[in-house]
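Sharing a structure with you now.
Index from 1, following the sequence. From a predicted model like this one, the values you see are computed outputs, not experimental measurements.
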Amino acid sequence: QVQMKESGGGSVQAGESLQLSCRHSGNPWSSYCMGWFRQVPGKEREAIAAISSDGRPSYFDSVKGRFTISQDNARNNLYLQMNSLKPDDTAVYYCGADWPGPCDVRTVTTRGVHYWGQGTQVTVSS
C-alpha cells in the first residue's frame, strides 16, 4: 500500500557530495510532512531535514547549510542533497513521512513517524 524506498547512498571521502532519493507511492502525500532521518549503531534515529506539503524546509543544526531537502511537484519523490560531507555524517539514512505536530525537525520524534523507507547507508571517510 504505502511504500517508501531510498536510493543514492554510498561511500565517499570527506568533502564530497551525495544525493539521496526517496520514492513513495500508495498515497497522494498532499498533506504529509516528509523528511530525512539518520541512525548510527547504538544511537536513536534522528531527524535531519523535513519539508512541508507547501515546500517549507527545516534542518537540524549540524547539517544546515550543507544539506538541502526538496521534493517534486507531485511529492512522488523526496531528495536530500548532501554537500561537504563529514565523517560524522556516516549513518544509515531513512526517509519518513507523516508525524504529529509541526513539520519541524526540532519537534519530531521518530516514534511518531508513521511511514519509513528501508534505509540507505552513507559512509564518509576522512
Side-chain angles (χ1 to χ4, degrees):
Q1 189 175 352
V2 175
Q3 180 178 332
M4 308 184 74
K5 185 177 180 181
E6 304 92 340
S7 61
S11 183
V12 298
Q13 292 184 317
E16 295 183 340
S17 298
L18 284 173
Q19 186 180 67
L20 306 182
S21 300
C22 175
R23 177 182 57 81
H24 34 91
S25 61
N27 191 287
W29 308 102
S30 60
S31 62
Y32 287 0
C33 190
M34 306 179 67
W36 290 96
F37 303 75
R38 66 186 182 188
Q39 187 170 25
V40 299
K43 294 187 177 181
E44 293 185 2
R45 195 171 298 181
E46 63 180 1
I48 301 302
I51 188 165
S52 64
S53 59
D54 63 358
R56 176 178 52 82
S58 70
Y59 299 98
F60 190 72
D61 193 62
S62 66
V63 308
K64 192 176 300 181
R66 299 188 298 120
F67 291 9
T68 302
I69 188 170
S70 61
Q71 59 195 357
D72 64 14
N73 291 336
R75 305 195 89 203
N76 294 321
N77 295 281
L78 181 72
Y79 306 98
L80 185 68
Q81 177 65 44
M82 304 186 294
N83 297 328
S84 301
L85 283 162
K86 305 175 180 179
D88 285 349
D89 295 319
T90 296
V92 177
Y93 284 71
Y94 300 86
C95 57
D98 190 18
W99 59 82
C103 192
D104 193 317
V105 300
R106 295 170 294 183
T107 57
V108 64
T109 61
T110 58
R111 187 176 296 105
V113 177
H114 194 185
Y115 303 110
W116 291 107
Q118 82 288 346
T120 185
Q121 177 71 47
V122 172
T123 301
V124 184
S125 60
S126 61

Check: Does the pair Glu6 and Tyr93 meet the rule for a side-chain contact (heavy atoms from CB on, under 4.5 Å), with working shown?
Finding: CA-CA 8 Å; Glu6 304 92 340; Tyr93 284 71; over 6 Å; no
Margin query: Would the distance check show the side chain of Asp72 and the main-chain N or O of Asn77 forming a donor-acceptor pair, the cut-off being under 3.5 Å?
Written below: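 Yes.
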Margin query: Please say yes or no: joined through hydrophobic side-chain contacts below 4.5 Å, possibly via intermediate residues, are Val113 and Tyr32 part of one cluster?
Written below: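 Result: no, two separate clusters.
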Item checked: Test: Arg106 and Asp104 ion pair at under 4.0 Å ->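 Salt bridge: yes.
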Checklist line | Minimum heavy-atom distance Ala50-Trp99, with the two atoms named | finding: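 Taking every non-hydrogen atom into account, CB-CZ2, 3.9 Å.
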Item checked: Exercise: identify the closest heavy-atom pair between Cys95 and Lys5 ->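 Shortest heavy-atom separation between Cys95 and Lys5 comes out as SG-N, 4.5 Å.
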Notebook entry, point to check: What residue among Val105, Ile51, Ile48 forms side chain to side chain contact (heavy atoms under 4.5 Å, CB included) with Ser58?
Noted result: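 So the option named by the test is Val105.
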Check: Considering all heavy atoms of both residues, which atom of Ser126 and which atom of Ala14 are nearest to each other, and what is their separation?
Finding: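 For Ser126 and Ala14, the tightest heavy-atom pair comes out as CA-CB, 4.4 Å.
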Checklist line | Nearest-0.5 Å distance, OG1 of residue Thr109 to CD of residue Glu46 | finding: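 Going from OG1 on Thr109 over to CD on Glu46, the span is 13.5 Å.
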Check: What is the minimum heavy-atom distance between Ser17 and Ser84, and which atoms define it?
Finding: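 Closest approach of Ser17 to Ser84, heavy atoms only: OG-N, 4.2 Å.
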Next item on the list: Find the distance between OG1 (Thr68) and CE (Met82) and round it off to the nearest 0.5 Å.
Entry: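 Answer for the OG1-CE pair, Thr68 versus Met82, is 11.0 Å.
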Notebook entry, point to check: Taking it one step at a time, do Ile69 and Leu78 satisfy side-chain contact (heavy atoms from CB on, under 4.5 Å)?
Noted result: CA-CA 7 Å; Ile69 188 170; Leu78 181 72; 3.9 Å; yes
Next item on the list: Indicate the atoms forming the closest heavy-atom contact of Gly55 with Pro57, along with that distance.
Entry: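 Gly55 and Pro57 have their closest heavy atoms at O-CD, 3.2 Å.
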Check: Would you call Ser21 and Arg23 a side-chain contact if the rule is heavy atoms closer than 4.5 Å?
Finding: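 Answer no - side chains too far apart.
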Notebook entry, point to check: Taking Glu16 for the side chain and Val124 for the main chain, is one N or O donor matched with an acceptor at less than 3.5 Å?
Noted result: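 Checked: no pair found.
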Next item on the list: Decide yes or no for Arg66 and Asp89: does some side-chain heavy atom of the first lie under 4.5 Å from some side-chain heavy atom of the second?
Entry: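 The answer is yes; the side chains approach within 4.5 Å.
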Notebook entry, point to check: So which pairs with a foot in residues 44-84 pass ring pair (Phe, Tyr, Trp, His ring centres under 6.0 Å), sequence neighbours left out?
Noted result: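 Qualifying pairs, neighbours excluded: none.
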